[in-house]
There are 2 protein chains.
Amino acid sequence: MTDPAPLSPKAEQTRQAIVDAAMRLFRSGGYEKTTMRAIAGEAGVSLGNAYYYFASKEHLIQAYYDRMQESHTEAVAAVLAAEPSFAPRLRKVLLAWVDVAAPYHEFAGKFFKNAAEPTSPLSPFSPESKAAREAAIDLFRQTVDGSDVKVTKALRADLPELLWLLQMGVVLFWVYDASPDQARTRALIEKAVPLVDRLIRMTRLPVVRGVVDDLVELVHAVRS
Amino acid sequence: MTDPAPLSPKAEQTRQAIVDAAMRLFRSGGYEKTTMRAIAGEAGVSLGNAYYYFASKEHLIQAYYDRMQESHTEAVAAVLAAEPSFAPRLRKVLLAWVDVAAPYHEFAGKFFKNAAEPTSPLSPFSPESKAAREAAIDLFRQTVDGSDVKVTKALRADLPELLWLLQMGVVLFWVYDASPDQARTRALIEKAVPLVDRLIRMTRLPVVRGVVDDLVELVHAVRS
DNA sequence: CATGGGAGTTGAACGTGTTCAAGATAGTGG
DNA sequence: CCACTATCTTGAACACGTTCAACTCCCATG
């Protein structure tokens, strides 16, 4: 996921050394102010060697990204095992992401910059990250499935993807959130979850059915 | 809007010459491949002089955005004068943006990539683009105000901003849309507008009121 | 043990965004 | 007409991401 990774034997250690050095320096001095020369130096390799393992400075960030995904999946498993009710599940899943992502908030901009470039394989919409994307959506499928919520037939198949889109929205907000401890993002989640819960329960009302159908149709039409 | 612009007299022409040169070169060669040296050369000024007028290469893009915004405002004025009904108004306003933006689509990704970074002055959420953002929101205020749509009191003040967010979503989709003539974005608009229209009209239903209040509260809580 | 080739490693060199100290220019007051 | 200042202009210099041709090292094969 991090790279084409044609599988390296022992010198995978070198790779890790570079990632570790980069993380240390990024963390202490910020991304922009950390030079590739400094990273290479800190890792005890030459500048060129760093580029043997990582195509660019931005690619080093991908390592961060991967760790975040992993940690979140883990955290979600714990949440889902313990909580049966839908709204709290969703709330905890989203908050868990904020917790997991917190240490990397400083680099959020860099992540997002990658996400924004449509041609980049790092984009969450790219074919290359299809697996990761579907894994993420699956997290929300689990969130829905194991819960007490009743979802109308029309919505059942697409709700996980819609929730994933919700999370993309939260991420977007989070990226721009400069408040301490990302308090505003947490506030957003606290407000949004009950709203979403309410909306989902409301889809069973006859008046709302038509809108739900339209929405589902829109999602289908728009999915390439 | 483009800059602090302490108002220059005649040599404002130089500024324009630089913008024009940049636009020409960005258009023909893309953003990344266009160097500041080339822009300065094309504009007939020195490298340093270009930096006297524009703090960075990114700041040049702002001028680009400003023009798009201008064209859109113009197009919208024509639409709003001719069309009294809400849904068609919204549809035409959104489609007008797609039309106006079409010439820039091929390198929109590059621009977007730069704009996406929160620290970038190009970000639609940045303080630097506050004026542009408010102008854009105002376009939607006009779209609502002059139309036949009845908006509940709770929603009235915030609907324009919500519609602007909708447009941000459309823009995001558009950036990734590789279909010829951005057909898929247009299709998205065709589907989304009736849905939005329906949702807005639905807000008058008593059952839905609570949700609307929650949504408005969420928007308020979240606005810095 | 020799050897051929791939994997890993190196630092000099390059291109580009940006800065800056110095100079030119033009408008203003005497 | 002469300073004097604020505005404008310049290109060399700098820092940093990235590239690359050359080199070393390891080890599988004969």
For [X] and [N], give me the distance from atom [atom1] to atom [atom2], rounded to whole Å.
{"X": "A:Tyr51", "N": "D:dT19", "atom1": "OH", "atom2": "C1'", "result": "9 Å"}
{"X": "A:Arg37", "N": "C:dA13", "atom1": "CZ", "atom2": "P", "result": "13 Å"}
{"X": "A:Tyr52", "N": "D:dT18", "atom1": "OH", "atom2": "C1'", "result": "17 Å"}
{"X": "B:Arg15", "N": "D:dC8", "atom1": "CZ", "atom2": "P", "result": "11 Å"}
{"X": "B:Ile39", "N": "C:dT16", "atom1": "CD1", "atom2": "C1'", "result": "12 Å"}
{"X": "A:Phe54", "N": "D:dC16", "atom1": "CZ", "atom2": "C1'", "result": "19 Å"}
{"X": "A:Tyr53", "N": "D:dG17", "atom1": "OH", "atom2": "C1'", "result": "20 Å"}
{"X": "A:Gln13", "N": "C:dG8", "atom1": "CD", "atom2": "C1'", "result": "14 Å"}

Sidechain N-carboxylate O distance under 4.0 Å for A:Arg186, A:Asp177: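 Looking at A:Arg186 and A:Asp177, the cut-off is not met.
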Ion pair check, B:Arg89 and B:Asp197, cut-off under 4.0 Å: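 B:Asp197 and B:Arg89: not salt-bridged.
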- prompt: If each of A:Asn49 and A:Thr35 is mapped to the nucleotide of DNA chain D with the nearest heavy atom, which maps nearer the 5' terminus, i.e. the 5' end?
  reply: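 Final value for this comparison: A:Thr35.
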message: Taking the nucleotide of DNA chain D with the nearest heavy atom to each, does A:Met36 or A:Gly48 sit closer to the 5' end?
response: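 Checking each residue's closest nucleotide, the 5'-ward one belongs to A:Met36.
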query: When you look at A:His220 and A:Asp158, which way does the side chain to side chain donor-acceptor pair (under 3.5 Å) test go after all the steps?
result: CA-CA 9 Å; A:His220 285 178; A:Asp158 295 305; 2.9 Å; yes
- prompt: On the ring face of A:Tyr31, is A:Lys57 found with NZ or CZ under 6.0 Å from the centre and within 45° of the axis?
  reply: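 The answer is yes; both the distance and angle limits are met.
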